[in-house]
Structures are given as C-alpha cells and as structure tokens.
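Working notes, beginning with the structure itself.
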Amino acid sequence: MAALKLPHSPRLIQGRQSLIPFPASTMLFPKPPSSPFSNYSFAISSGFLTRTLALFSPGIVVCKNSSLRGVRGNQSRIRSASVQRVAEELMEDQSKYSLVSGDSIRQRFLDFYASRGHKILPSASLVPDDPTVLLTIAGMLPFKPIFLGKIPRQVPRATTAQRCIRTNDVENVGRTARHHTFFEMLGNFSFGDYFKKEAIKWSWELSTKEFQLPPERLWISVYEDDDEAFEIWHKEVGVPVDHIKRMGADDNFWMSGATGPCGPCSEIYYDFHPERGTADVDLGDDTRFIEFYNLVFMEYNKKDDGTLEPLKQKNIDTGLGLERMARILQKVPNNYETDLIYPIIEKASALANISYPLADEQTKLKLKVVGDHLRAIVYLISDGVLPSNIGRGYVVRRLIRRVVRAGRSLGIKRERRDNLEGAVLPVIAEKVIELSTHIDPDVKIKAPRILEELKKEELNFVQTLERGETLLEKMLADASSSAEKSGTVPCLSGKDAFLLYDTFGFPVELTTEIAEEQGVTVDMNGFDIEMENQRRLSRAAHNVVKLAVEDGTNLTNNINKTEFVGYDTLSTQAVVESLMVNGSPVIQVSEGNDIEVLLNKTPFYAESGGQIGDHGFLYVTGGEKQQTAVVEIKDVQKSLGDLFIHKGTIKEGVLEVGREVEAAVDAKLRQRAKVHHTATHLLQAALKKLISQEISQAGSLVAFDRLRFDFNYGHALTDTQLEEIEQLINGWIEASTSLKTKVMPLNDAKEAGAIAMFGEKYGEQVRVVEVPGVSMELCGGTHVSNTSEIRVFKIISEQGIASGVRRIEAVAGEAFIEYINVRESQMKNLCSTLKVKAEEVTTRVEKLLEELRMSRTEVANLRTKAAEYKALMIANKAFEVGTSQKIRVLVESLDDVDADSLKAAAENLIDTLQDPAAVILGSCPDEGKVSLVAAFTPAVVDLGIQAGKFIGPIAKLCGGGGGGRPNFAQAGGRKPENLPSALEKAREDIISILSEKTS
C-alpha cells in the first residue's frame, strides 16, 4: 500500500506549500470538462486566488475592492503584474494537480462501492418515515426497518450519499472545524451479506488507495472488547498496534436509540500532526485528529430491559463524512473552507464587504454560521419543511433567525433589487441552490418556492428582531449595572427572557447568544418556570379556575392518584377524598356554592390532549336511596399529574369529605366529544394524505359543539381541497370501520408507526388509538367504537392563525345537525326579510350591494359639491401676506366636512385663488375625529415651504399626525375640541413663515 507521494518540487509561496498537494492521476483525478479557473482574472473574481494567497501567504492580499474591511495600509497595494504572475503560476499548478472537489469525492465513493456489488440508492428525504425522530440524522435511518428485520431487504448491499440534519449541537457550528447542521453522510451497507472483514478492508482500500491518504497518518479506534476487529486491522490490514486504540462503550459502541439495533464500531481518524508522536495519544483531540469514517458492526438488538439479543442477520452500517474528507483532501483548515461551503461564505462576505481571510475569528464564526445554516435551510424547505413554531418547522425557523442575526451583525446590506423587498437571505441562498446539482437536483426545480419562503420569513423576523434587540439591550445593561453594584455575576432573569419570547416573539436561543456575547448569563430555570406557567394559563379559554400549587402539594400527602374508569363506564360509585372552595380545603360545603371535588376514582374525563373535560352530576343518596345532595359538574381538570379536579356547583343538599357518591357522566355530551375526537384523527389523516405528509398537529380543541385542528402549513387551502378532504373523511365514516385501542410500551408504539405529537411528554406505557388503514395515534382521549357513529363531517372554516400555521374548524354528528338547523333558521329569516326564495338570496344580495354602492357614490358626490360650495363661500376670506411678493392665504374650518370632501375643497380653493396661494382647512367629520389639509401652490413651495412638514405639528395639537407631498398634505386627530386653537396656530405660523420668506 503506497503512501502519499508529494510532488518532487512542490511550489512554495513564501515558504509554504501550495493549496494543491496531491499528484495528478487520470484514473483517480479525472480532468473536469473545463477548468474552473481557466484564467487568472476569473480566479481572482471567484475568490480562489484570494483565499489561496491569504491562507498560505498572509503577506500578499489580492483585492478587487480596496475598501474591503480588514485590508490595512500597504497590504492593499499589490502590483497587477505580480498578481498576474502568481495567478498564472497557480493556474499552471492547477493543470498539474487537480483540486479534489466535494462532488468528485462523493461520486468516487459511490463508484468504489458500486464496483464491489453495492446498489447505488438515492438519498432519502430529510423528513424521515421513522416517527421516532424529527429529521433524518444518519445515513442508516432509511434502512432501520431492514436492520430490525421488519421488512425484507431489496438488495444485499447498498451505498448512498445521504443528506442529514442535526441541530442538537447547533451552538458549536463555526466554533469547531467540523460541526454542521447539514452534512452528507457517504455510506456502504450490508444487509446480512458481508461483515467485519470486508467492511474493514474496503474502508482501508478506499482511504489509502482511492483517496491516497498516507497510511502513517491514519489511526484506528475499536471497541474495547472487540478483539476480532482489532485482529483484522492489525494482522490482515497491517495497521501498527500503536495506531490502534481500544475505547469504551461511550465512544465505540453504537446505538440507534434507547432500544433497537446496536453493535461495536470502529473508526478511522486522520492525523494532521504526526510529528507529535504516538505516546499518550488522544483521538478526541480536535487540534490533531479528525474522525472521518465510522464502521458499525450491527449485530445486536437492545431490548427495553437493557439486554442484548442477536439480530436475525448481522449488518454493516458505515458513514464517511463528505465535508470531513473534503477538508482532508483539499488541505484547508476546517470543513467550512472546502468547496462545499466556502462559495456560500464568499457570497456572504461580498455582501458584507468583508475579506474572509483577513477577518477576525468572531467575524469568521458568523460567516461560517451563515454558510452552514443556509445549506440546512434550503434543503429542508426543498423537502417540504416550512418555517413554523413547532416540530421540524421550528428547526427551520430557528436556523433562519440565527442566519438573519449573524448577517445583521456582519453588516450585510439588504439589497433592494428584483422583488426581494430588502431581504438578503435569498441572495445568498442562490449560491446554495447553484451548488445543489449533484446533491439534490430537485432543489433547483423548487428554487422559486425556496426563495419566496426565505424572503417572507426574513422580512417578518427582521421586524421582531429590531423590537426585541432594543428591549434586550436595555435589559442586559440593567443586569450588568445591578451586578456591578452587588459584586455578582450579571444574569438576565428568566422572567425578562420569557417576556422577550412571549410578548415580542424573540427566541430564547438568540437571547442567550446575545447575552453571552456581553458576558451576561440567562436564568434558564426561571425561563422554564415562566414557560410552564404560561402553558397552564393558555390551555383553553374555559380553564380559568385552577388548583393552587401549594394547596395541591399538601393534598398529595394524603390523597392517592385518581383512578380513571371512564373508558369502560360512564358511572361509578366513588368516595369524596377532598373538597375545596376557592382553592382552599374544606370539610363540608352547602347548597349554592361553587366547589372542587377530588374522588378516589372517576368516570369523568379530565381535559387533556385538546379534549375538554366531561360534564355530569355527583349524586349523594341517603336511606332508601333518597338523594340528599346533587352536584352539577361543568369541568374536570388534571392537577399535579393524575389528580382529577371536578369543578361544579352544589344544586341541592350538603356534600362532605368521606361521603360516597354516584359519579355520572352526561352520556350525550360524552358521545359528542368522542365523535369530534375521532373526527379530528380522521382530519389529520386526510390532510396528510391529500395535502402534505409534512403536516403535523400544532394544537387542537375537541369540544361538544365543534372541533378545531391547528396544523403547520404555509398556504391557505382552496375550496376544492376542502371539499376533497370532506369527501374523503365522510367516505371513511361510511366505511363503518371499527376502532382499535391498546396500551403498549412507547417504543413499540412508535415502531408500529403511531403518530406522536411533537413536544408532548409520554410515559413508558401509552395508549394507541387506531382507525385501521387510516390512522394510528398516541392518544388518551375518548373515541367512538366505529366510524359510523360520527355520521357526517363538515368543515365550517379554514384560516391562518400565525405564520406557517393554519386552523380548520369543523362539526360532526349531532353538532352537525345543530349547525345545519341554525343555518336553516337564519336562511328562513333572510328569505322572509328579502322576500325571495332561498335560491334567489345571492342574486338579491348582490343587487342590494350594487344599489348601496351607487347610493354611497351619489352621497359622496353630493358631499364634495357641498364642500366645494362652502369653499367658494369662504374664498373671499383669503388675505395677502408678504412685501416683495403677495401671497393669498386662507385658514378656515369647514365644520363637519369629511376628509375626502375637505381635500376636494382645498384643491378647488387653490384653483380659485391661483398661484401664489396657501390654503389650510380643518373639519370635525365625526365624534372624536379631526381632519386637516394643507395645499400650497408651486410658488409657495419654491420658497422652501412644504405642506407635509407644515401640517404635522398642527395635527399633533389635535392629538394626531400626518404628512404628504410638498404641495399637498393631509392629517388627522382625535381631539376636535382643539381644532380652533390648532387652526389659529396654523394661521400664525403660515403668516410668520411667509412674511420672513418674502421680506
């Protein structure tokens, strides 16, 4: 195995090797169709020469624009002849030593394994079919069902270049040389075919022969107990023992999650500094090593109890980081400066008027964030993930907001070109799209939608950012000032951080980042407390009475969890465990009082999962089953976990702690809730089937009279789409499908495909509700036994409630009948009023609206004529001002003339008085309303007097404001009582100004 051979006479620039260190080979480095740097001027414009010289020769700076920030003094003075000579030499080198592009690395990897019997498969979407993960985080994810033995393999071995997203360590992006949100994982997979020996040998052959990495620079890690892998690496491949490290389970035992496929793994590391020797080597030292290839020997399945069982077939799952290999082969200091990301950074640098090679580390960090995040954003939107406040949509929104803030802090100018309205992200994203050809060809096809979503989201957030930054700046200053006085570490309170989040929509992640930049910490525990309090307050409008936490804490010392029996029965005998009035415990409560009751068991469903609590009664019986007390229950809430708080009013008698009661749910209302809850599941299934698989729940309400379903989607649904959704759901209802419910471990439910609402917390055991062939969801709510019980489904509205979030309201079952009856009654009244038949209502209303429009036009014309007449009547009140030039001035009130008529009157008076003239009019068209207008002829404007600037201060006297053009302006106010004094002030000011200008 030959080591890497450098050129015999490597070209040096000020004593440093050129950027291109590898020998040419027509086999390993095929010549591209056309050189990307065919002449030195293009090399300069593309940034290749600038970056090369700056990286390896800081003394030389190539600069198209001497105003680039970071360029100082004589550095910017470089003779064009020298530039041309250096560029020509570099171009000569480029013809000899081919730069290994990211696209080339990707294709060579796939071809390498294809020649060894692997099927090349396309990258899966960033939105996985696996319900247990939010995004595609690894190359093996699309094959997980095969590894688990749930579906048969289609091919024995495969190779892919999988697009991946990871945001769990987004704060490290740009800070390290290797962290990314978006990256490509090159992988080769064996499904019960080959195993360790082949995987190890091929990975070494790929690294040392195909990519010609020096064997002496490669280090190997193996699981501490994996003697088999150690022997293969040492005895069969030939890796020296001192280059193989045994490592523990944290580093070298791979698991797909808490349960599932797992096994020992082995990794290949590249050594950037072999001169440091082999003693006390730490492969985790990022300054020396980078792990670029991971081989997972998948041979076990971890069960819920933690035990390992052998898989039916032994599998191989590998991953080679494309960006990492590109860094190694292209000889750049970090992944960001490879040709996969650097062109994006260059684009951002140009917009910010910054020289990246000469920038300080903090500036480079921000540019790296822009380059990295925009790749993730573009590919996520391309795969159908739109910005929103939940789930995958929030990932996109968070990344966009980080890029916007980074761009603003870099001083990137918001270009106003085309239809971007000042947005800058689409400009940079065009470069991402340009680079996408060999990663995902669909990106270019979807480019218009991607750029439009970016523009919309950026413009919306810039407004939020500006408001939030101003307030945060003050908060941070106050925190620093307080800390300085008290001698403590400055800390922003959780309450303040939550205020920014809740009131101004300012992401807490950005609050934390900005605070850290100024040396201020954020009380995240306090923020979490405020967030939880807000969640409790915002559940539903009717949840206005809650159990006090301190009282509930005391109660739990003596009261067990409430046993819920409501899935199986609507009535049961129960014992009163506790009574509360206004949140305080009592022993006895009499008739007429509102009360909160805790029972040892209950059939009442407590509000959760969007479904409201049951209604019903508690009956207390005496001898011979005579009722001695009746409590009407109007709401049931959960508190402190599993305590059911029954809220109601004592209608008869007295209720005491310890008494036995009959708890009875209102069966008709429960049935309505069941109908609407199952209909909600059908609605989500229909939206996913007909609109987009990316749709996910953003909130819901299951009430007795209607259902409400919020979901993440960026566009309004058309009438046709809504009709199709109704038809599909009613078809499922008509199919009379029996529902299945069962309780199972959470992991089993997810693996079965049950939909879990993102952000919800679930216990180890979950309840799964399935409409076979239609939907399967984790749900603790009550449901019908058969879809036929729903009877009929009708959408009554669809609207947007937030950016990227839509809301559908609908009715089903008995609520649908009520809805139709109410509309029928309204229609009868309308027909009676209009004296037409139902089918003639639309025509009649359209006719009435046209008549109304014509009448309003006629009235407006009459008002204008009346105002013009009034204007003629007061024209003789004009007076002259000035000595060298006589200017006719008129300042008057026209009583109750409306704004449009006042405007027409001013224009008429200007024509009547002729140039030079100045007219200022005011009126009070309605109660609490003031209208003002100022009209100046050209000769007055030529004196430097502008109507817009003149009328503003006058309007302020009336509690308002306004402005306009130099010759004509309108304003308004809310204090009619101030109009006389305001017009008097206008008279004084115009006389003073004109007298001075014409003296």
Side-chain angles (χ1 to χ4, degrees), residues 856-882 885-941 943-998:
R856 285 177 173 172
T857 301
E858 186 176 347
V859 169
N861 291 336
L862 289 172
R863 285 179 177 173
T864 300
K865 289 180 180 179
E868 290 173 350
Y869 177 75
K870 287 183 179 181
L872 291 174
M873 296 297 292
I874 64 172
N876 58 0
K877 294 185 179 182
F879 55 90
E880 293 185 343
V881 176
Q885 183 180 11
K886 298 295 183 181
I887 299 173
R888 287 169 289 282
V889 177
L890 180 64
V891 182
E892 290 293 331
S893 171
L894 288 185
D895 302 326
D896 59 353
V897 170
D898 64 87
D900 289 340
S901 298
L902 195 69
K903 175 177 178 290
E907 291 171 342
N908 186 275
L909 282 167
I910 282 292
D911 291 339
T912 301
L913 297 177
Q914 298 183 345
D915 197 14
V919 174
I920 301 157
L921 302 177
S923 69
C924 300
D926 291 303
E927 186 176 349
K929 240 182 187 181
V930 174
S931 291
L932 291 164
V933 63
F936 297 162
T937 60
V940 174
V941 174
L943 294 175
I945 309 172
Q946 296 187 12
K949 293 182 179 179
F950 180 85
I951 202 65
I954 305 302
K956 286 184 179 179
L957 299 176
C958 297
R965 304 186 304 275
N967 66 315
F968 196 91
Q970 288 182 281
R974 300 181 303 277
K975 298 179 179 179
E977 65 275 14
N978 292 354
L979 180 60
S981 59
L983 288 177
E984 185 58 35
K985 173 65 173 172
R987 184 190 302 271
E988 294 173 359
D989 288 352
I990 195 66
I991 290 174
S992 173
I993 294 170
L994 290 175
S995 297
E996 180 183 345
K997 297 286 186 180
T998 59

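- Looking at heavy atoms from C-beta onward, V919 lies out of side-chain contact with R888 at the 4.5 angstrom threshold.
- Counting only residues at least two apart or on different chains, the salt bridge (Lys or Arg N to Asp or Glu O under 4.0 Å) pairs with a member in residues 899-922 are K903-E907.
- Side chains of V933 and F968 form a contact here, defined as non-hydrogen atoms less than 4.5 Å apart.
- No side-chain heavy atom of V940 sits less than 4.5 Å from a side-chain heavy atom of N967.
- Residue pairs meeting the salt bridge (Lys or Arg N to Asp or Glu O under 4.0 Å) criterion with at least one member in residues 919-931: none, sequence neighbours excluded.
- A pairwise comparison of heavy atoms in L943 and Q885 identifies CD2-OE1, 4.2 Å as the closest pair.
- Taking R974 as the reference, nothing meets the side chain to side chain donor-acceptor pair (under 3.5 Å) condition, with sequence neighbours excluded.
- Between N861 and T857 the shortest side-chain heavy-atom distance falls below 4.5 Å.
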Donor-acceptor pairs under 3.5 Å, side chain of residues 984-992 to any protein atom, not counting sequence neighbours: which ones?
residue : atom : partner : partner atom : Å
K985    : NZ   : D989    : OD1          : 3.3
R987    : NH2  : V891    : O            : 3.0

Please report, to 0.1 Å, the donor-acceptor pairs under 3.5 Å made by any side chain of residues 976-983, with sequence neighbours excluded.
residue : atom : partner : partner atom : Å
N978    : ND2  : L957    : O            : 2.9
S981    : OG   : N978    : O            : 2.9

With a 3.5 Å cut-off and sequence neighbours excluded, list the donor-acceptor pairs that the side chains of residues 948-956 form with protein atoms.
none

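- With sequence neighbours left out, the side chain to side chain donor-acceptor pair (under 3.5 Å) criterion links D898 to S901.
- For the pair P925 and D896, the minimum side-chain heavy-atom distance is 4.5 Å or more.
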